[in-house]
Amino acid sequence: MAISQELYPSQDDLLYEEELLRNPFSLKLWWRYLIARAESPFKKRFIIYERALKALPGSYKLWYAYLRERLELVRNLPITHSQYETLVNTFERALVTMHKMPRIWIMYLQTLTEQKLVTKTRRTFDRALCALPVTQHDRIWEPYLVFVSQKGIPIETSLRVYRRYLKYDPTHIEDFIEFLINSSLWQETAERLAAVLNDDKFYSIKGKTKHRLWLELCDLLTKHATEVSGLNVDAIIRGGIRKFTDEVGRLWTSLADYYIRRNLHEKARDIFEEGMTTVVTVRDFSVIFDSYAHFEEVVLAHKMETADLSDDEEDKENGVAEDGNEEEEDLRLDINLSVAELEKKMLDGFWLHDDKDIDLRLARLDHLMDRRPVLANSVLLRQNPHNVEQWHRRVKLYEGNPTKQILTYTEAVRTIDPMKAVGKPHTLWVAFAKLYENHNDIVNARVIFDKAVQVNYKTVDNLASLWCEWAEMELRHKNFKGALELMRRATAEPSVEVKRRVAADGNAPVQMKLHKCLRIWAFYVDLEESLGKLESTRAVYERILDLKIATPQIIINYASLLEEHKYFEDAFKVYQKGTKIFKYPHVKDIWVTYLSRFVKRYGKKELERARELFEEAVQAAPADAKKPLYLQYAKLEEDYGLSKRAMKVYDEATKAVPNHEKLGMYEIYIARATEIFGVPKTRDIYQQAIDSGLPDKDVKTMCLKFAELEKSLGEIDRARGVYTFASQFSDPRSDVDFWSKWHEFEVQYGNEDTFREMLRIKRSVSASYSQTHFILPEYMMQKDQRLNMDEAKDKLKQAGVPEDEMAALERQLAPVANDTTTKDSRIGFVSAGAIQQTDGGIKVTSNPEDIELPEENDSEEDERVEIQIAQKEVPDAVFGELANKRKEAEKDEGGDADTKDDGSRLGALERIKRLKRGA
């Protein structure tokens with residue numbers, strides 16, 4: 001066969017050929033030769049590769065490059081092409097020397113896998129595993145598992161490969177299980193899952209929890225119940241129920257579904273019933289109940305569909321015998337019958353094997369639906385069997401069925417531990433007894449109460465409630481003596497022997513504390529008052545006092561009882577005892593009742609004794625509780641004693657009550673003094689009130705009333721003095737009412753000088769409040785300005801500015817409004833002085849409240865004063881007759897109407913000057 005001319009070395013190849021002749025075993029020369037002929041046809045490169053490998057058969061680099069090029073050559077060819085066979089032969093030749101190189105094996109195995117050569121590929125995988133060290137097996141197993149998972153690979157082959165792989169790496173059992181599930185091999189899947197769950201050292205490489213694996217196993221067992229055998233499915237699922245409490249409902253339904261798929265319907269019903277009676281959460285109960293109801297509905301629908309078909313088949317199979325007396329054949333001797341046919345014929349006619357049980361199934365479904373509330377209540381009681389409210393609800397579910405209710409109450413009182421009970425356990429005993437009472441069985445009701453009072457409850461109040469309920473039942477049935485006897489039993493103190501025995505045990509039951517329970521004593525007292533005698537009732541009250549469990553109301557009730565029976569002194573002794581036992585504020589009602597009853601009883605007869613009682617009550621009472629006692633005391637003196645003593649009581653009351661009640665107390669004092677002694681007597685009281693240290697607001701109120709009093713008496717000067725004194729508590733900016741009243745007073749009763757003095761005082765007070773920053777908005781503005789100035793000073797100091805420069809900047813930052821306010825306030829204050837001008841010169845009346853101003857500003861200040869006063873007009877009513885004289889003087893001077901109008905528009909000071917000049 002002639003060789004193509006192209007395959008021979010060309011002129012360019014001679015250089016490489018000569019070098020190779022000199023050194024044919026140099027890998028570098030062969031590699032340079034191949035790189036230089038990279039663009040040559042593959043056949044020529046194939047010859048170079050073969051020559052190189054013949055010289056260097058152990059070169060991994062040459063073999064790897066050669067095989068890669070041959071793989072690229074066959075990439076687009078069909079797997080049946082002859083080049084694939086050549087490629088396989090090349091791989092086999094390479095593995096003679098490259099059998100320790102995993103990459104060569106992987107390339108070979110991938111090529112065989114693509115050719116779908118199952119047997120050859122499997123054997124090659126086995127050869128690779130035998131040739132390579134075990135540390136590199138994981139590189140082979142990965143494509144091996146991909147190969148055996150392909151479609152078309154025999155299942156048995158895949159199983160054997162996976163089992164071998166698990167011996168190499170058991171941690172990948174989950175991959176095997178997933179393969180088994182995909183291959184529908186349910187039996188081995190279940191066995192492998194069970195083995196995994198039984199292995200405590202198992203760790204999932206896929207992050208699955210034991211809980212999830214349990215659920216997968218349960219789903220597998222239930223969905224393929226007929227295909228899995230050899231495993232105790234019931235035990236497996238029950239183990240999961242005990243171990244995983246958050247999926248109990250699902251596991252119970254899975255177990256029931258397992259028996260349903262195996263056509264064991266009665267067993268499935270037992271599982272449903274067991275699940276509903278054991279779960280402890282409403283969610284799990286709902287899951288089981290819904291599955292149970294759905295199962296019954298499906299079975300019932302199937303039975304109703306097949307009912308007609310079964311009737312037709314029965315008519316065909318059961319022929320009518322020609323001779324009615326013919327003896328029946330023994331079915332056991334008929335060897336032609338199958339087991340199913342034999343069973344069907346032998347059980348024919350038995351009610352348990354009757355297929356026509358639609359009515360039974362309907363009744364079963366209705367019974368299941370009716371039981372749902374009771375079953376749900378049972379779930380809640382399993383969560384907490386000591387929940388009293390749930391037991392009451394359970395009894396209501398059996399309403400109309402006394403037998404069930406009695407059984408439920410019996411179970412409840414046996415189950416509940418009073419120390420752990422949620423709610424009031426004694427209410428169950430009470431309801432139990434009332435159930436018998438409603439059915440007119442008083443004897444059993446008494447038995448229930450008798451057992452109930454022997455139970456050790458958490459609190460004494462529960463036991464006392466039982467005794468009271470028992471006594472009320474006796475009262476409802478007119479057994480009054482029995483009720484009293486029950487109360488005597490309940491309140492009897494345990495004997496010394498019983499106390500000693502209980503002290504030895506260490507745990508004292510509540511029955512030992514019952515004789516000190518106020519509730520039962522109060523009920524006992526009510527019974528004695530209604531049914532008993534006075535002596536027995538008094539004995540009960542005295543016993544309560546001896547036990548030191550009395551309340552203020554019991555003291556009052558005891559005393560009221562004695563008063564009803566005309567035992568007044570004994571009643572007052574009880575009151576007195578109550579005042580000794582209790583302190584304020586509890587004793588307040590006792591004192592009020594005691595004093596009112598005592599005064600009502602004796603009146604003027606025991607006046608000194610009543611006074612002593614009031615003195616004692618007032619001394620014992622705190623300041624905030626003394627006012628009603630003083631008023632009651634004063635009323636006693638007014639009705640039965642001396643008026644002077646009543647005034648003395650009022651006077652003491654004004655000093656004893658708290659500050660916020662003093663004004664009201666003084667008003668009452670003044671009103672009573674006015675009524676008894678007349679208006680002039682109240683002047684001293686007003687003076688005392690003003691000087692007693694009342695709050696400023698109350699002092700002002702009192703001064704206004706005092707001024708009104710003096711004005712009504714015609715004492716104008718005294719009233720003006722009161723207004724002057726009260727002005728120091730009234731800011732003109734905020735208290736307009738006070739100054740308007742004083743203004744009206746001066747207009748009505750004052751003159752020019754008094755009105756001017758009022759204005760001066762008003763400006764003086766306004767200036768004093770302005771200087772103290774009493775008005776909130778101005779105070780807040782100035783405060784903010786000061787804060788801003790302080791912040792600026794701090795920043796300048798941090799920047800290193802000297803103190804002198806800081807002072808200059810501070811003066812610049814000072815607010816202009818502040819200076820203006822100060823100047824205005826000074827002007828207003830100076831103008832308050834009484835300045836009179838006469839022909840002889842200027843006469844200045846000194847004012848002790850004047851503020852001294854700098855001398856250089858006197859002229860400016862005077863001008864401002866005159867300007868300010870000239871702009872204000874004084875009403876003519878202030879001047880009285882002076883206004884008329886001014887008008888007459890103007891007429892005498894011959895002033896016309898225009899001149900008169902101009903004079904009316906003059907300021908007050910100018911008009912006064914003109915009037916004086918005219919005079």
Side-chain angles (χ1 to χ4, degrees), residues 552-553 555-556 559 571-572 574-703 705-706 709:
Q553 188 60 46
I555 297 293
I556 296 173
F572 296 145
V574 172
Y575 281 125
Q576 194 67 29
K577 188 181 292 186
T579 59
K580 296 293 189 297
I581 295 174
F582 298 101
K583 304 296 180 184
Y584 269 92
H586 310 291
V587 77
K588 179 181 177 181
D589 295 335
I590 298 178
W591 271 118
V592 173
T593 309
Y594 183 15
L595 295 172
S596 60
R597 298 288 176 83
F598 188 88
V599 173
K600 182 181 179 182
R601 168 63 182 166
Y602 291 110
K604 192 175 181 180
K605 296 179 182 178
E606 297 286 344
L607 185 58
E608 290 299 326
R609 185 178 170 189
R611 287 171 178 167
E612 292 177 0
L613 287 177
F614 275 106
E615 291 293 339
E616 183 182 355
V618 167
Q619 291 177 2
D624 57 349
K626 287 184 177 183
K627 184 177 179 180
L629 295 176
Y630 272 115
L631 294 177
Q632 199 172 356
Y633 189 9
K635 191 174 186 305
L636 170 70
E637 293 293 348
E638 291 177 11
D639 294 341
Y640 305 108
L642 301 175
S643 298
K644 290 184 178 180
R645 292 187 65 90
M647 294 299 104
K648 184 180 178 182
V649 171
Y650 281 121
D651 185 60
E652 292 178 359
T654 57
K655 299 174 183 177
V657 297
N659 289 334
H660 65 277
E661 294 182 353
K662 282 186 177 182
L663 179 62
M665 196 69 232
Y666 271 112
E667 291 174 350
I668 297 172
Y669 186 10
I670 293 169
R672 299 308 301 161
T674 303
E675 183 179 349
I676 297 173
F677 296 103
V679 175
K681 176 67 175 176
T682 60
R683 282 177 173 168
D684 297 336
I685 302 175
Y686 275 115
Q687 190 66 36
Q688 178 186 346
I690 292 172
D691 298 337
S692 64
L694 287 172
D696 292 348
K697 184 179 179 181
D698 296 341
V699 171
K700 182 180 65 178
T701 304
M702 192 60 67
C703 288
K705 292 183 178 181
F706 192 12
L709 171 66

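Sequential numbering from 1 along the given sequence is applied to the chain's residues.
- The existence of a salt bridge linking Glu616 and Arg609 is excluded, since no basic side-chain nitrogen approaches an acidic carboxylate oxygen closer than 4.0 Å.
- Nearest heavy atoms, Val618 versus Tyr630: CG1-OH, 3.0 Å.
- Atom NZ of Lys600 has 12 or fewer neighbouring heavy atoms from other residues, nucleotides or ligands inside a 6.0 Å radius.
- Here the side chains of Phe582 and Ile555 are in contact, with some heavy-atom distance below 4.5 Å.
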Solution key, residues 590-599 side-chain donor-acceptor pairs under 3.5 Å, sequence neighbours excluded:
from, atom 1, to, atom 2, distance (Å)
Thr593, OG1, Asp589, O, 2.7
Tyr594, OH, Gln576, OE1, 3.0
Ser596, OG, Val592, O, 2.9
Ser596, OG, Thr593, O, 2.9
Arg597, NH1, Glu563, OE1, 2.6
Arg597, NH1, Tyr575, OH, 3.3

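- With sequence neighbours excluded, the residues satisfying side chain to side chain donor-acceptor pair (under 3.5 Å) with Lys635 are Asp639.
- Residues passing the side chain to side chain donor-acceptor pair (under 3.5 Å) test with Lys705 are Glu667, sequence neighbours excluded.
- Nearest approach of Ala559 to Ala571, heavy atoms of both residues: O-CB, 3.5 Å.
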